[in-house]
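We're numbering straight along the sequence, starting at 1.
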Amino acid sequence: MKKEENPNLLPHHHGQDEDRIREYLPGEEEIAGVSEALKQLGDPSRLRIFWLLCHCEECVLNIAAIVNMTSPAVSHHLRLLKNSGLIVSRREGKEMYYRTADTELAQMLHHMIEKLGKITCPRTQEENR
């Protein structure tokens, strides 16, 4: 059968079930959130801030002190992480506190970062004591 007769045929057939592969291929809308999250975590500073917030809830000044950055720089990274849905914030008086979002994506990324980076999770260390 020629491609003109069946537009679903790939230019080269390698013996795989193309229809089954296409059936499970995520659409652009489905993958957009994951792509945005990975793009944000591609920056080392944001990755460190995200990892930190996986383990505690903190204000901008404390985050800046912990990661040795200026408050404006940290605020910039927090805004990007929040816009991507990876972190959330809450206000207490004049202070804003940040923590990792309670989503499956954020939790999976947290665990992936620790596995890929061979980073020990503080919670795991405390549980083993």
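Residue pairs meeting the salt bridge (Lys or Arg N to Asp or Glu O under 4.0 Å) criterion with at least one partner in residues 39-54, sequence neighbours excluded, are E36-K39.
The CD1 atom of I63 lies 7.0 Å from the SG atom of C56; values are rounded to the nearest 0.5 Å. Note that CD of E114 is 4.0 Å distant from NE2 of H55, once rounded to the nearest 0.5 Å. Note that CD of Q107 and OG1 of T100 are 7.0 Å apart. Values are rounded to the nearest 0.5 Å. The distance from atom CG of L81 to atom CD1 of I49, rounded to the nearest 0.5 Å, is 6.5 Å. Once rounded to the nearest 0.5 Å, the distance linking CE of M96 with CD of E58 reads 14.0 Å. The distance from atom CD1 of I113 to atom CD1 of I119, rounded to the nearest 0.5 Å, is 7.5 Å.
Under a hydrophobic-cluster definition in which Ile, Leu, Val, Met, Phe, Trp and Tyr are linked whenever side-chain heavy atoms come within less than 4.5 Å, directly or via other members, I87 and M69 are assigned to the same cluster. The hydrophobic clustering, which links ILVMFWY residues whose side-chain heavy atoms are closer than 4.5 Å, places V88 and L80 apart. V74 and Y97 end up in different hydrophobic clusters when Ile, Leu, Val, Met, Phe, Trp and Tyr side chains are linked at under 4.5 Å.
For E28, there are no side chain to side chain donor-acceptor pair (under 3.5 Å) partners at least two apart in sequence or on another chain. Applying the side-chain contact (heavy atoms from CB on, under 4.5 Å) rule to P26 yields the partners E30, I31; only residues at least two apart in sequence or on another chain are considered. Legend: residues meeting side-chain contact (heavy atoms from CB on, under 4.5 Å) with E104, ordered by chain and number and at least two apart, are M108. Residues passing the side chain to side chain donor-acceptor pair (under 3.5 Å) test with R99, sequence neighbours excluded: none. Under the rule for a side-chain contact (heavy atoms from CB on, under 4.5 Å), the partners of L109 that lie at least two apart in sequence or sit in another chain are A37, L38, L41, F50, L86, L105, M112. Qualifying side chain to side chain donor-acceptor pair (under 3.5 Å) partners for S89, counting only residues two or more places apart in sequence or in other chains: K82. Scored by the side-chain contact (heavy atoms from CB on, under 4.5 Å) test, L25 finds no partners at all (sequence neighbours excluded). The side chain to side chain donor-acceptor pair (under 3.5 Å) test applied to R91 returns no partner, not counting sequence neighbours.
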- Task: For the pair L53 and L78, evaluate side chain to side chain contact (heavy atoms under 4.5 Å, CB included) and give the outcome as yes or no after the intermediate values.
- Result: CA-CA 10 Å; L53 296 176; L78 290 171; 3.8 Å; yes

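Among all heavy-atom pairs drawn from T120 and W51, the shortest one is O-CZ2, 4.0 Å. Listed here is the closest heavy atom pair of A106 and A101: CB-O, 3.4 Å. Of all the heavy atoms in V60 and S71, the pair that sits closest is CG1-O, 3.7 Å.
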